[in-house]
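Chain naming here is simple, since letters A, B, ... match the order of the sequence lines and numbering starts at 1 in each. These numbers were taken from a predicted model, which means no experiment stands behind them.
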Amino acid sequence: MQRADTVVVLDFETTGLSPNYGDRVIEIGAVRVEQGQIVDCFQQLMNPGFRINSFIEQYTGITNHMLQNAPSCAEVMAQFADFLGNDNLVAHNASFDRRFLDAELSLIKRPYAGAFVCSMLVARRVYQKAPNHKLGSLVAYKDIPTDGVFHRALADSEMTAKLWLKMLDDIALQYDISPVSFQLMQQLSRKSKDTVHRFLNDKAK
DNA sequence: TGCCAGGCCCTCTTTAGGGCCTT
């Protein structure tokens, strides 16, 4: 089977939900997927410049002590911009990670050229019978092996990458489409649930 | 210090409301 396009799968741990209200990134995890394999990774804690609250410490396992001597967001995000290059991006609930990526890269004046596809929007269409579309639930639903770590950036980016590859394989097998391109996944993520089957059947022709 | 968002998608819809998902 031919394998699809190169993508960088990204996950952020942050101080909260909104960069517009002062929230910052505290950890980035990313893996590069080429030819259906994870070939490279990027992981770094970063110091947001203020103390994180106890909810975030408990949710992520990242403590203020761990961030005390971490490099700044600006330093880490500049390194990540170099890692990312012009590759396209995948994230689970990408609207969230995109807001933070845009905010952090804007602060250091480092634009990026890649497009985002949301693995959650694709999963809602491809796995309509899943109990829900949280990352952890989908990983369990598809029997994707994990090391048991959740809510850390690299572990979550690896799980998202494996889910992405599983969706590519499932679409390729079910609809005899090879390879399933990034562009097709982008189109799929915008289809209404009712038209997904027809859309993929048409692509198979 | 503590507060907070926003895009997608369904339905008891479209002149709206609320759940899902991310931290």
For this session: Establish, with yes or no, whether the OP1 or OP2 oxygen of B:dT23 is under 4.0 angstrom from a side-chain nitrogen or oxygen of A:H151.
Result: yes
Exercise. B:dT22, B:dG6, B:dC8: which one has an atom nearest the side-chain heavy atoms of A:K134?
Worked result: B:dT22
Exercise. Among B:dT23, B:dC10, B:dC21, which is the nearest nucleotide to the side chain of A:N132?
Worked result: B:dC21
Exercise. Roughly how many Å is it from CZ in A:F96 to C1' in B:dC4, rounded to a whole number?
Worked result: 13 Å
For this session: Please work out which of the three classes, parallel, tilted or perpendicular, describes the rings of A:F96 and A:F100, given edges at 30° and 60°.
Result: tilted
For this session: May I ask you to decide if A:D156's main-chain N or O and A:T160's side chain share a donor-acceptor pair within less than 3.5 Å?
Result: yes
Problem set entry | Nearest to side-chain heavy atoms of A:Y21, which nucleotide of B:dC21, B:dC4, B:dT23 | B:dC4
Exercise. Can a donor-acceptor pair be found between the side chains of A:S137 and A:N132 at a distance below 3.5 Å?
Worked result: yes
For this session: For A:I26, report the nucleic acid contact type (base, sugar-phosphate, nothing); a contact means any heavy atom under 4.0 Å.
Result: nothing
Exercise. To the nearest Å, how far apart are A:F50 CZ and B:dC4 P?
Worked result: 16 Å
Problem set entry | A:M120 or A:N53, whichever maps to the more 5' nucleotide of DNA chain B | A:N53
For this session: Inspect the contact between A:K142 and A:D170 and indicate whether a charged nitrogen and a carboxylate oxygen are less than 4.0 angstrom apart.
Result: yes
Problem set entry | C1' atoms of B:dC12 and B:dG19, separation to the nearest Å | 15 Å
Problem set entry | Between B:dC4 and B:dT22 - C1' atom distance, rounded Å | 15 Å
Problem set entry | Rounded interatomic separation in angstrom, taking CG from A:L17 and P from B:dT22 | 11 Å
For this session: Rounded off to whole Å, could you give me the CZ-to-C1' distance for the A:F116 and B:dT22 pair?
Result: 12 Å
Exercise. Base, sugar-phosphate alone, or nothing: which one does A:F100 contact when heavy atoms must sit under 4.0 Å apart?
Worked result: nothing
Exercise. Nearest nucleotide by nearest heavy atom, which residue falls closer to the 5' end of DNA chain B, A:G22 or A:L135?
Worked result: A:G22
For this session: Report yes or no: is the cationic atom of A:R24 (NZ for Lys, CZ for Arg) closer than 6.0 Å to the six-membered ring centre of A:F50, at no more than 45° off its axis?
Result: no
For this session: Figure out the CG/P separation between A:N20 and B:dC3, and round it to whole Å.
Result: 19 Å
Exercise. Out of B:dT22, B:dC8, B:dT23, which has the shortest distance to the side chain of A:H92?
Worked result: B:dT22
Exercise. Are side-chain N/O atoms of A:Y112 and A:D102 paired as donor and acceptor at under 3.5 Å?
Worked result: yes
Seminar exercise, completed: A:I56 atom CD1 is separated from B:dA5 atom P, nearest whole Å, by 15 Å
Problem set entry | Spacing of the C1' atoms in B:dG18 and B:dT13 (rounded, Å) | 12 Å
Exercise. Any side-chain N or O of A:H133 less than 4.0 Å from the OP1 or OP2 oxygen of B:dC21?
Worked result: yes
Exercise. Hey, is A:E27 close enough to A:R152 for a salt bridge, meaning N to O under 4.0 Å?
Worked result: yes
Exercise. To the nearest angstrom, how far is A:N93 atom CG from B:dA5 atom P?
Worked result: 16 Å
For this session: Check the distance between B:dC21's P and A:D156's CG and give it to me in whole angstrom.
Result: 15 Å
For this session: In whole angstrom, give me the gap between the C1' atoms of B:dT14 and B:dC8.
Result: 16 Å
Exercise. Rounding to the closest angstrom, what is the interatomic distance between B:dT23 and B:dG6 at atom C1'?
Worked result: 13 Å
Exercise. Contact class for A:D194 (heavy atom, under 4.0 Å): base, sugar-phosphate, or nothing?
Worked result: nothing
Seminar exercise, completed: Looking only at B:dT23, B:dC20, B:dA5, the nucleotide nearest the A:R99 side chain is B:dA5
For this session: Using a heavy-atom cut-off of under 4.0 Å over every strand shown, decide if A:T60 touches base, sugar-phosphate, or nothing.
Result: sugar-phosphate
For this session: Remember a base hit wins even if backbone is also touched, and classify A:D11 as base, sugar-phosphate or nothing at under 4.0 Å, heavy atoms.
Result: sugar-phosphate
